[in-house]
Amino acid sequence: MPLLTTPAPPQNRTHGRSASHASLGLLPRLLALTFLFAAELLLLSIWLDNSALVAQGGIIGLVGQGGAWAVRGVVGFGAILVTFAYLTKRTALAEISLRVEQAPIGRGLLVSHLLAMAAFSALSWALYGSHLAAVPAGISVALWLITGLAGIAFAALALAPLRVWSQLLRQTGSLSAFALVFVVAACVAGNYIRLLWGPTTNLTFFLTRAFLHPFVSGIVSDPATKLLGTEKFQVIIAPECSGFEGVGLILAFSACWLWLFRRECRFPHALLLIPAGVVTIFLLNAVRITALILIGNAGAPQVALGGFHSQAGWIAFNAVALGFSIAATRVPWLTRREHATPATTAASFANPSTPYLLPFLTILAVGMLTTAASSNFEWLYPLRFLAAAGVLWTMRKHYSSLNLKLTWFGPSIGVLVFALWIAFDSLQKTGANDAMPLSLTNSSAPVRIGWIAFRVLAAVVTVPIAEELAFRGFLLRRFVSADFEALPLSTFTWIGLGISSLAFGLLHGHLWFVGTLTGVLYAWAMLRHGRIGEAVIAHATTNALLACYVLAFHKWHLW
């Protein structure tokens with residue numbers, strides 16, 4: 001897959017300039033700008049509560065109501081514009097990148113950005129805390145918006161001159177208009193999509209009731225309140241359980257998968273997988289609620305409302321995603337790839353990504369099953385370690401070509417990441433209720449020690465190996481070439497680093513930002529010497545220190 005990379009500079013380009021001025025092209029500067037804005041937005045979102053603005057009413061309340069959608073719109077606009085510009089304007093962007101390389105970073109503008117953001121933070125504190133009651137609302141909101149926009153402008157101009165932004169807009173003029181229209185439409189649709197929750201909730205209610213009929217008699221059903229179940233166990237199907245979340249997830253997965261493997265897919269045939277996935281995930285949502293009611297009716301309400309309720313949806317999503325992937329790669333009508341003969345398949349994996357992804361997918365799948373089978377505590381957690389260890393041992397021959405040598409650099413990165421997590425955790429102040437889970441506390445000493453031992457073993461051994469194989473060994477190189485195994489582990493591209501690190505960050509839920517930074521640091525550990533062992537030992541060091549921290553200082557929320 002072609003990438004937007006900065007062309008190699010002529011020998012005389014850096015004459016009279018420092019090397020740092022010529023080392024950053026357009027893409028790394030855009031990524032740096034994105035990380036800067038994401039970090040500041042994350043800090044502000046932790047500190048400020050948008051509902052405080054809405055409660056004040058008037059123009060301030062309108063700002064509070066529209067602020068969240070404005071942020072989503074800006075993020076969506078930037079993502080769509082960069083993606084489509086990368087796909088359709090690579091030559092023009094490479095020329096712009098060539099000019100950006102020679103432009104130094106504006107340190108004075110960065111200082112101006114920090115000052116503007118300090119002023120914006122002070123005004124935010126006053127505005128959200130109703131400390132500007134004596135100032136007309138229009139003036140306070142205007143000052144607040146001006147300082148925020150000034151901070152954005154200073155940061156953008158610090159990383160690229162105004163003429164570069166102007167050229168970028170000229171080259172992507174039609175794409176900018178398309179991205180703007182698409183984002184506005186998406187925001188409007190997102191605001192009104194809740195109107196569909198009622199009809200889809202009704203459909204889910206009636207589907208679930210139909211699925212229940214063959215298994216139980218005496219169904220308790222109230223269409224008005226969406227209460228459904230048996231005399232022993234009932235649930236209320238809320239709009240959030242209507243299946244919209246699963247539909248959105250499978251749409252996003254389908255789009256990403258078809259784009260990533262677009263060369264292997266046969267179009268437009270492969271597009272039929274999208275509606276097939278949407279219908280399947282919607283039906284499985286009704287099946288999930290049916291199973292939940294049956295589990296509760298069978299005498300296990302804690303399992304039904306605990307682990308199963310939280311994990312069954314993810315199990316269904318992964319099942320549909322797996323079926324989507326298999327169909328797209330195995331059904332001749334949908335794929336262009338030549339399939340391996342049975343003899344070839346028996347000798348080696350038909351898909352070279354399998355040894356890199358299967359250990360990680362095994363951990364996810366077993367984790368969902370053990371959580372779904374749990375009530376208030378995951379006693380089956382040791383199965384995650386045993387399953388992953390079994391897969392890694394079975395595939396050990398496929399890892400013989402990987403360089404697992406270690407230096408001091410990997411553990412140093414691990415210590416740095418540990419400090420980063422502790423600092424971020426302290427900033428969030430999440431340590432109010434950190435006692436050991438009551439079920440574990442009340443268990444016998446051998447059981448408690450055994451469970452903790454498996455938890456530590458998974459964190460220090462199987463999880464680091466599986467995740468580094470998936471995110472650094474596979475995903476970081478897969479954006480360079482479909483034949484990723486032919487590339488050395490030192491192969492570096494900004495897009496590979498950015499997407500693999502972001503995917504790793506999203507794995508950590510609401511801690512996605514610090515998770516993304518962690519992914520960047522682990523990638524650095526591998527790329528520096530071209531050895532995945534450095535990333536594995538860095539990851540293992542972080543997790544070992546976190547395990548000690550959790551056990552010594554009772555910070556169980558980090559586990």
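We number each residue from 1, following the sequence as shown. Reckoned from all heavy atoms, side chains included, excluding hydrogens, waters and symmetry mates.
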Do [X] and [Y] have side chains that get closer than 4.5 Å, going by heavy atoms?
{"X": "Val456", "Y": "Trp559", "value": "yes"}
{"X": "Leu527", "Y": "Leu476", "value": "yes"}
{"X": "Asn543", "Y": "Phe418", "value": "no"}
{"X": "Met117", "Y": "Phe154", "value": "no"}
{"X": "Ile422", "Y": "Leu546", "value": "yes"}
{"X": "Leu114", "Y": "Leu110", "value": "no"}
{"X": "Asn285", "Y": "Phe282", "value": "no"}
{"X": "Glu467", "Y": "Leu507", "value": "yes"}

Worked verdict on Ile250 versus Phe324 for side-chain contact (heavy atoms from CB on, under 4.5 Å): CA-CA 9 Å; Ile250 206 64; Phe324 183 103; 5.6 Å; no
Polar side-chain atom of Arg477 near backbone of Leu487 as donor-acceptor pair, under 3.5 Å: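 Yes: the side chain of Arg477 pairs with the backbone of Leu487.
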Under 3.5 Å donor-acceptor, Trp421 side chain and Val514 backbone: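 Here the side-chain-to-backbone pair does not exist.
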Donor on one side chain, acceptor on other, Glu534 and His529, under 3.5 Å: no
side-chain contact (heavy atoms from CB on, under 4.5 Å) between Phe471 and Tyr522, worked out: CA-CA 10 Å; Phe471 290 96; Tyr522 289 161; over 6 Å; no
First locate atom [atom1] of [X], then atom [atom2] of [Y], and finally report the distance between them rounded to the nearest 0.5 Å.
{"X": "Thr516", "Y": "Leu511", "atom1": "OG1", "atom2": "CG", "result": "10.5 Å"}
{"X": "His113", "Y": "Leu157", "atom1": "NE2", "atom2": "CG", "result": "12.0 Å"}
{"X": "His539", "Y": "Ile413", "atom1": "NE2", "atom2": "CD1", "result": "13.5 Å"}
{"X": "Arg288", "Y": "Ile281", "atom1": "CZ", "atom2": "CD1", "result": "9.5 Å"}
{"X": "Thr201", "Y": "Ile236", "atom1": "OG1", "atom2": "CD1", "result": "12.5 Å"}

Validation row, ring centre Phe360 to ring centre Phe474 under 6.0 Å: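 Here the rings of Phe474 and Phe360 have centres that are no less than 6.0 Å from each other.
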Please report, to 0.1 Å, the donor-acceptor pairs under 3.5 Å made by any side chain of residues 495-502, with sequence neighbours excluded.
from, atom 1, to, atom 2, distance (Å)
Ser500, OG, Gly496, O, 2.7
Ser500, OG, Leu497, O, 3.3
Ser501, OG, Leu497, O, 2.7
Ser501, OG, Val520, N, 3.3

Within 45° cone and under 6.0 Å: Arg528 NZ/CZ vs Phe409 ring: yes
Step-by-step side-chain contact (heavy atoms from CB on, under 4.5 Å) determination, Lys226 to Thr204: CA-CA 10 Å; Lys226 302 299 182 295; Thr204 301; over 6 Å; no
Any residue meeting salt bridge (Lys or Arg N to Asp or Glu O under 4.0 Å) with Glu378, in chain and number order, not counting sequence neighbours: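 With sequence neighbours excluded, Glu378 shows a salt bridge (Lys or Arg N to Asp or Glu O under 4.0 Å) to Arg384, given in chain and number order.
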Aromatic plane relationship, Tyr549 with Phe553 - under 30° parallel, 30 to 60° tilted, over 60° perpendicular: tilted
